[in-house]
Amino acid sequence: MNIYKKLVNNSLIFAVGNLGTKLLIFFLVPLYTFYLTEKEFGMVDLLTTTLSFLIPIFTLSVFDSVLRFAMDEKYDKQAVLSNSLIIIIIGFFLLISLYPLFVHILPFNNYMFYFYTIVLLQAINTTLTQYVRAIGMVKLFAGSGIVNAFILLVSNILFLMVFHMGIVGYLVSLIIANMVSCVFVITLGKIQYDFSTRKLNMILVKEMLIYSVPLIPNALMWWIMGLSDRYIITYYMGLGANGIYAVANKIPGVLNIINSIFFQAWQISAIEEVNSKSKSKFFSNVFNVFSTLMLLSTSFFLIFLKKIADILVSNNFPEVWRYIPFLLLGVVFSSFSGFLGTNYIAAKKTRGVFKTSAIGAIVNIVINLLLVPVIGINGASLGTMLSFLIIWILRVKDTKKFVDLQINSLKIITMIAIISVQIYILYIELSIEYLLQIALFLIMMLVNFSEIKEIVNKILNIIKKKYYRSREM
């Protein structure tokens with residue numbers, strides 16, 4: 001199959017799974033803001049972000065190895081899965097041994113049972129879903145996301161709206177959603193037959209950890225950029241302000257839908273084409289299309305930002321929209337740096353991922369410490385945006401040794417400039433704001449007219465072929 005066609009095909013499959021998943025989660029925001037106070041939402045945000053920090057450490061980030069090694073024909077796929085799960089279980093018991101310390105230092109000591117349960121289930125669920133994606137069960141991978149989101153939605157409605165369980169209801173919903181997702185993947189993927197303690201292979205474990213361990217510091221850097229925002233805001237402004245910032249971070253999730261749909265398909269294509277002679281041209285073409293799509297989506301989202309915030313967020317979280325524009329650009333630059341980060345993954349040179357992320361994390365902390373005390377929550381939003389921008393620029397230069405990426409810099413700079421004007425118009429609140437936003441978006445469309453036409457035609461051709469094939473059958 002043509003490499004572009006395969007990428008589009010996989011993207012469409014992941015789109016089906018992710019659109020339902022992400023939209024369901026996105027529409028949970030009004031539920032959270034109505035049934036949780038600013039302080040409660042700030043607390044659960046700290047807990048879930050701390051989870052993201054600890055899971056890579058105590059699992060040695062081994063689930064990152066699963067996709068790469070299970071896709072490699074040189075390795076026994078069942079051994080990859082079995083050794084990964086054994087490492088996760090060992091890591092979990094080490095985490096339990098630190099319980100006396102965590103009770104004293106973490107700000108959510110009343111919820112430690114839920115904390116530990118979510119750690120284990122999320123680690124296992126991530127490993128299982130990465131495994132089915134690696135062995136070609138992309139539809140099952142996409143389906144597991146839908147199941148997870150649907151169960152999360154139902155559980156949240158039940159425990160927050162009906163039983164009014166507050167923070168506990170939120171955490172129990174996460175537990176149930178992850179548990180059902182694991183059972184779903186194991187049952188339909190028949191993964192229980194792929195796991196065996198007899199497959200324990202220390203040579204394979206060593207190879208997988210050589211690959212995954214350098215990704216741990218990278219995961220920590222992403223945590224620093226995420227969790228440091230929360231703790232710095234909480235320190236200077238309190239849990240309530242962190243709750244507002246947490247809600248502001250939820251809304252750019254719409255833009256993250258596009259990124260996650262593409263990224264899941266792109267990882268597979270990047271690994272498969274790592275030794276191709278034409279990979280530089282392939283990577284360049286895909287990046288230029290992807291960057292156009294992300295920036296156009298950002299411009300379109302800014303037109304309706306205030307209306308979306310009014311609809312989704314309760315009055316308990318006033319003027320949340322003010323903290324979203326820079327977070328949207330943060331998602332854009334994060335997606336760009338993630339695209340380039342795949343080059344390190346495909347080439348099995350994961351140390352470069354850490355180096356660039358470390359610099360970005362330092363920048364993020366410095367900006368947070370300088371700006372949050374002065375301009376408040378938007379200081380953290382600016383820090384997030386600038387740190388991801390720097391990571392992307394660094395990776396453009398650093399990954400040239402793997403892929404010579406030809407980026408249409410002038411067009412990207414033009415689009416970012418137009419988006420910057422849109423953000424400025426949002427803050428000065430003109431009476432003709434809406435018309436100006438639409439006009440600027442149309443200018444963005446004209447700048448990218450040829451690329452948009454080409455993308456639409458390719459997708460329509462693939463859909464038409466699939467339709468006619470299904471009718472012939």
Side-chain angles (χ1 to χ4, degrees), residues 26-34 36-42 45-46 49 225-256 294-295 297-334 364 367-389 416-438 440-441:
F26 179 72
F27 287 115
L28 283 171
V29 173
L31 189 69
Y32 296 148
T33 58
F34 189 82
L36 295 174
T37 65
E38 289 177 10
K39 288 186 177 180
E40 285 176 331
F41 199 81
D45 181 65
L46 281 178
T49 313
M225 284 186 278
L227 195 54
S228 66
D229 292 0
R230 272 75 168 179
Y231 278 106
I232 291 171
I233 288 172
T234 301
Y235 177 79
Y236 284 108
M237 304 180 69
L239 272 173
N242 183 57
I244 293 172
Y245 183 67
V247 171
N249 266 283
K250 294 284 184 186
I251 293 178
V254 172
L255 195 57
N256 246 330
M294 288 297 293
L295 289 166
S297 300
T298 303
S299 176
F300 182 75
F301 192 85
L302 286 169
I303 298 172
F304 305 102
L305 175 60
K306 290 180 181 178
K307 292 184 183 296
I308 290 169
D310 285 341
I311 293 168
L312 292 178
V313 181
S314 76
N315 294 330
N316 296 328
F317 297 77
E319 294 198 308
V320 164
W321 72 264
R322 291 186 174 277
Y323 315 114
I324 297 172
F326 299 116
L327 291 174
L328 285 170
L329 279 176
V331 170
V332 171
F333 296 134
S334 171
N364 186 60
I367 293 174
N368 281 341
L369 291 171
L370 290 175
L371 295 185
V372 169
V374 179
I375 63 174
I377 297 172
N378 247 342
S381 300
L382 279 164
T384 298
M385 181 194 74
L386 292 173
S387 59
F388 282 125
L389 172 62
I416 292 172
I418 293 170
I419 288 171
S420 299
V421 174
Q422 286 186 268
I423 293 171
Y424 176 73
I425 290 169
L426 276 173
Y427 284 115
I428 60 175
E429 303 188 59
L430 297 172
S431 58
I432 56 169
E433 174 187 312
Y434 190 65
L435 292 174
L436 289 174
Q437 295 283 9
I438 293 174
L440 288 165
F441 174 71

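Both backbone and side-chain heavy atoms feed into the values below; hydrogens, waters and symmetry mates do not. By convention here, the first residue in the shown sequence is residue 1.
- In this structure, CG in Leu328 is found 11.5 Å from CZ in Phe333, a value given to the nearest 0.5 Å.
- Nearest heavy atom pair, residue Pro325 against residue Leu305, reads CG-CD2, 3.8 Å.
- Remark: Ile324 CD1 to Ile423 CD1 distance equals 11.5 Å, nearest 0.5 Å.
- Atom CE of Met385 is separated from atom CG of Asn364 by 11.5 Å, given to the nearest 0.5 angstrom.
- When all heavy atoms are compared, the tightest approach of Asn368 to Ala380 is OD1-CA, 3.2 Å.
- Taking both residues in full, the closest heavy atoms of Gly330 and Phe388 are given as O-CD1, 3.6 Å, listed atom of the first, atom of the second, then distance.
- Atoms OG and CG, from Ser334 and Leu329 in turn, are 12.0 Å apart once rounded to the nearest 0.5 Å.
- Using a 30° and 60° split on the angle between ring planes, Tyr32 and Phe41 fall in the tilted class, from 30° to 60°.
- Side-chain rings of Trp321 and Phe304 stay apart, their centers remaining 6.0 Å or farther from each other.
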Show me the donor-acceptor pairs within less than 3.5 Å that the side chains of residues 429-436 make with the rest of the protein, sequence neighbours left out.
unit_1 : atom_1 : unit_2 : atom_2 : d
Glu429 : OE2    : Arg322 : NH2    : 2.9
Glu433 : OE1    : Lys306 : NZ     : 3.0
Glu433 : OE2    : Lys306 : NZ     : 3.4

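- Nearest heavy-atom pair across Leu327 and Pro252 is CB-CG, 4.0 Å.
- Two residues are said to be in side-chain contact when any heavy atoms from C-beta on lie closer than 4.5 Å; Ile425 and Leu440 meet this criterion.
- The distance from the CZ atom of Phe301 to the CD1 atom of Ile251 is 6.5 Å, given to the nearest 0.5 Å.
- Across all non-hydrogen atoms, the minimal contact from Ser299 to Phe441 is OG-CD1, 3.4 Å.
- Enclosure of atom OH in Tyr424 is not indicated, since only 12 or fewer non-hydrogen atoms of other residues, nucleotides or ligands lie within 6.0 angstrom.
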Going by atom type alone, with no hydrogens or angles, which donor-acceptor pairs under 3.5 Å involve a side-chain atom of residues 232-240 and a protein atom two or more places apart or on another chain?
unit_1 : atom_1 : unit_2 : atom_2 : d
Thr234 : OG1    : Arg230 : O      : 2.7

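- Taking OH of Tyr323 as the start and CG of Asn249 as the end, the distance is 13.0 Å to the nearest 0.5 Å.
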**Request:** Evaluate side-chain contact (heavy atoms from CB on, under 4.5 Å) for Tyr245 paired with Val372, printing each intermediate quantity in order.
**Result:** CA-CA 12 Å; Tyr245 183 67; Val372 169; over 6 Å; no
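- Between the side chain of Gln437 and the backbone N or O of Gln422 there is at least one donor-acceptor pair closer than 3.5 Å.
- Applying the salt bridge (Lys or Arg N to Asp or Glu O under 4.0 Å) rule to pairs touching residues 234-246 yields nothing, sequence neighbours excluded.
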